[in-house]
Amino acid sequence: MNKKILIVGGVAGGASAAARLRRLDEHAEIIMFEKGEYISFANCGLPYYIGGEIEKRASLILQTPEAFRGRFNVDVRICSEVAAIDRTKKTVTVKNHKTGESYTERYDSLILSPGAEPIKPSIGGVDSKGVFTLRNLSDTDRIKNFIAENKPHTVAIVGGGYIGVEMAENLHKAGLDVTLIEMLNQVIAPLDFDMACGVHRHIESKGVKLLLETAVKSIQGHNGKLQVELSKGSLDVDMLILSIGVRPETGLARHAGLELNERGSIIVDGNMRTSDKDIYAVGDAVEVTDFVTGQRTFIPLAGPANKQGRIAADNICGIESRYTGTQGSAILRVFDMTVATTGVNEKTAARLGLDYDKIFTHPTSHAMYYPGFEYTAIKTLFDRKTGKILGAQVVGFEGCDKNCDVLATAIRFGATAKDLTELELCYAPPYSSAKDPVNMIGFAIENLLSGKYRQIHWHDYGKLPRDGSVIFLDTRMKEESEGAPIGGFINIPTNELRNRLHELDKNKTIYVSCRVGLQGYITCRMLSQHGFTCYNFSGGYRLYKDLFGVKK
């Protein structure tokens, strides 16, 4: 008898599972239920449609029920909500929202792909007119229609995650005066604070007001305006977008008695099988393993959801296939800036007690002699004993996606700093440098681990004595050092240092800063071979400027 497989939810995980099932089994009966109108749409593209960069709404619809049925012979039932699962009888109860009728369907295997829902805070006025969340095309339509009909001039966006930042950019481009409100001290939580500071300055430079460490207390509609009470003052706006995060939508799984974790995510094994051997779950609703740390976690991303759908389909069809974990590789455009992350950040590494260190590098986006280069900021975390790469954050402009993707691949294959030095990567002047940024990360970590230099980080600088017992040395050239130096540093350019060593006291430890850290390394190599004790200020003046706003 042919298998009967039911899939609850479309988009990334469910639609991928359905397509893979059909490719593996031409004769299976496959039914996919979607409580909304759309089985497969580009939810990552919604902010760009709202902002007008994606002009046609139809561009967001990746598959229609008719096209999916025609290509894959899948019975797609939209506006059909699976309301209950009877695990004993192996049936589901479905409510057709168009007709109001309810009916049951039997299954041999069941795949749950319900996704995640936006979090709505428990504050007054959260359901006021002009307050929106963004999850699907219906939400998008409501926002677009509100803008078209009400012609708002001001908007507050609550939450500085990926969607919040993307909405800030796109609503600003649509002509609105935007205020971005974030309860934490930084936007984009996967970044560490030291990498987020440059993003803050870039957001503000584009004309978006950024309110950090600020919570929304209440919202009240009054005379067509929204009065937003904040932990620091208040704000009057024409509309408000809530983007404070998502939680797994797992009520169906909970009522069916499937095992969930404390957060409410569905617990699955490596085959994407739940606590019921005939029920699988994929996508944003499931608990995943962090690929780097081995910890169980919640990382809602489209790429992993697609892979999980494929893996569930493989196992249903008798093909052993396992999901090996999520490493959180993600990328975001912030106006013309790019922010990319992969692996663990320092917050996580410190919380878990990992034996790690970090380096900051600032390569150029392509060869410096080729016009239009920009500096890129890269923070790389690595195991202090083995040099294994644990995580990376890349902030800049051109080429950030390439750098982060190479590092993500390196992490997936367990690469060490030495492995990075041996990578042979593409080069031509418009694209990169002959000394590729990823190679240079490997060289820098190797030099550090082999004792060729020592470093000090920005958060330890303030702990150093100011009584004259140490020397703070700024080695920037005159053309590089215009503007405020880091407090307490004397300037002797690297190129002059050999002839001025007599000015330094060998009995005092020297802390060296330069523009981005490279000259500091060269200086420390020179000084250490002349009998000095030397530490390089990791990230140099450029990092210090991002953190503390010193203008050049």
Side-chain angles (χ1 to χ4, degrees), residues 191-202 337 346 357-365 368 373-382 392-397 400 403 417 433 435 437-448 452-464 470-497 504 509-528 532-552:
L191 287 180
D192 289 316
F193 175 76
D194 43 29
M195 294 296 285
C197 285
V199 181
H200 298 161
R201 300 189 193 290
H202 191 69
M337 176 180 270
E346 187 171 5
D357 202 352
K358 61 194 173 191
I359 60 162
F360 298 89
T361 52
H362 291 87
T364 55
S365 54
M368 293 181 71
F373 76 87
E374 298 272 4
Y375 281 99
T376 301
I378 306 178
K379 178 179 183 177
T380 308
L381 273 66
F382 58 93
Q393 300 162 46
V394 186
V395 176
F397 298 90
C400 293
N403 293 330
S433 300
K435 293 181 179 179
V438 175
N439 293 143
M440 295 303 292
I441 289 169
F443 293 140
I445 295 173
E446 269 204 328
N447 287 335
L448 191 63
K452 291 184 175 62
Y453 79 105
R454 289 176 284 188
Q455 65 179 1
I456 183 172
H457 295 298
W458 64 268
H459 45 75
D460 295 320
Y461 170 63
K463 304 172 188 176
L464 297 174
V470 300
I471 298 172
F472 298 104
L473 180 62
D474 178 355
T475 64
R476 289 178 295 164
M477 305 294 287
K478 288 180 181 179
E479 59 268 23
E480 297 178 316
S481 59
E482 294 174 2
I486 299 175
F489 277 72
I490 62 171
N491 178 242
I492 303 178
T494 300
N495 292 357
E496 300 176 16
L497 190 56
L504 304 176
T509 299
I510 301 176
Y511 295 92
V512 178
S513 175
C514 64
R515 186 175 186 183
V516 296
L518 178 58
Q519 278 188 185
Y521 162 68
I522 295 169
T523 299
C524 281
R525 288 299 302 147
M526 181 195 310
L527 289 173
S528 63
F532 293 89
T533 300
C534 183
Y535 288 83
N536 188 25
F537 190 3
S538 180
Y541 182 83
R542 191 171 186 85
L543 175 63
Y544 186 86
K545 182 178 71 171
D546 280 343
L547 281 162
F548 302 109
V550 179
K551 294 193 178 177
K552 197 173 168 213

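Residue numbers run from 1 in the order of the sequence given. Predicted, not measured: the structure shown is a model, and the values here were computed from it.
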**OP:** Identify the two heavy atoms, one from Gly520 and one from Val512, that lie closest to each other, and give their separation to 0.1 Å.
**Re:** CA-CG1, 3.7 Å
Original post:
Who are the salt bridge (charged side-chain N to carboxylate O under 4.0 Å, His left out) partners of Lys358, not counting sequence neighbours?
Top reply: Glu346
Original post:
Of the non-hydrogen atoms in Leu543 and Ser538, which two are nearest, and what is the gap between them?
Top reply: CD2-O, 3.6 Å
Original post:
Can you name the residues that form a side-chain contact (heavy atoms from CB on, under 4.5 Å) with Thr494, not counting sequence neighbours?
Top reply: Thr475, Gln519, Ile522, Thr523, Met526
**OP:** Applying side-chain contact (heavy atoms from CB on, under 4.5 Å), name anything that partners Asp460, two or more places apart in sequence or on another chain.
**Re:** Ile456, His457, Lys463
**OP:** Report the C-alpha distance between Phe382 and Ile359 in whole Å, list the side-chain angles of each, state the deciding distance to 0.1 Å, and finish with yes or no for side-chain contact (heavy atoms from CB on, under 4.5 Å).
**Re:** CA-CA 9 Å; Phe382 58 93; Ile359 60 162; 3.8 Å; yes
**OP:** Kindly write out the residues that satisfy side-chain contact (heavy atoms from CB on, under 4.5 Å) with Phe443, not counting sequence neighbours, or none if the list is empty.
**Re:** Thr421, Asn439, Met440
**OP:** State, yes or no, whether a side-chain contact exists between Arg454 and Thr533 at a heavy-atom distance under 4.5 Å.
**Re:** yes
**OP:** Ignoring hydrogens and angles, tell me if any N or O in the side chain of Asp546 forms a donor-acceptor pair with the backbone of Cys197 under 3.5 Å.
**Re:** no
Original post:
With a 4.5 Å heavy-atom cut-off, do Thr364 and Tyr375 have their side chains touching?
Top reply: yes
Original post:
Heavy-atom distance under 4.5 Å between the side chains of Ile486 and Phe537, does that happen here?
Top reply: yes
Original post:
Can you check whether Glu374's main-chain N or O pairs, donor with acceptor, with Ser365's side chain at less than 3.5 Å?
Top reply: yes
Original post:
Can we call the ring centroids of Phe397 and His202 under 6.0 Å apart?
Top reply: yes
Subject >> Worked check of side-chain contact (heavy atoms from CB on, under 4.5 Å) between Ile510 and Tyr535 >> reply: CA-CA 6 Å; Ile510 301 176; Tyr535 288 83; over 6 Å; no
Original post:
Does Asp192 reach the main-chain N or O of Asp194 with its side chain, forming a donor-acceptor pair under 3.5 Å?
Top reply: no
Subject >> Shortest non-hydrogen contact between Leu381 and Lys379, atoms and distance >> reply: CD1-CE, 3.8 Å
Original post:
About how many Å separate CG of Asn403 and OG1 of Thr376, when rounded to the nearest 0.5 Å?
Top reply: 6.0 Å
Original post:
Do Thr509 and Leu464 pass the side-chain contact (heavy atoms from CB on, under 4.5 Å) test, and can you show the C-alpha distance, the side-chain angles, and the key distance before you say yes or no?
Top reply: CA-CA 11 Å; Thr509 299; Leu464 297 174; over 6 Å; no
**OP:** Take Phe472 and Tyr461 through the test ring pair (Phe, Tyr, Trp, His ring centres under 6.0 Å) and record every step on the way to the result.
**Re:** CA-CA 10 Å; Phe472 298 104; Tyr461 170 63; 5.6 Å; yes
**OP:** Rounded to the nearest 0.5 Å, what's the gap from OG1 on Thr380 to CD1 on Ile378? Could you check?
**Re:** 6.0 Å
Original post:
Stepwise, does the side-chain contact (heavy atoms from CB on, under 4.5 Å) test hold for Leu473 with Ile490?
Top reply: CA-CA 5 Å; Leu473 180 62; Ile490 62 171; 4.1 Å; yes
Subject >> Partners meeting salt bridge (charged side-chain N to carboxylate O under 4.0 Å, His left out) with Glu446 (sequence neighbours left out) >> reply: none
Original post:
Is the NZ or CZ atom of Arg515 positioned over Tyr541's six-membered ring, under 6.0 angstrom from the centre and within 45° of the axis?
Top reply: no
**OP:** Under the side-chain contact (heavy atoms from CB on, under 4.5 Å) rule, collect the residues that match up with Ser528, sequence neighbours excluded.
**Re:** Arg525
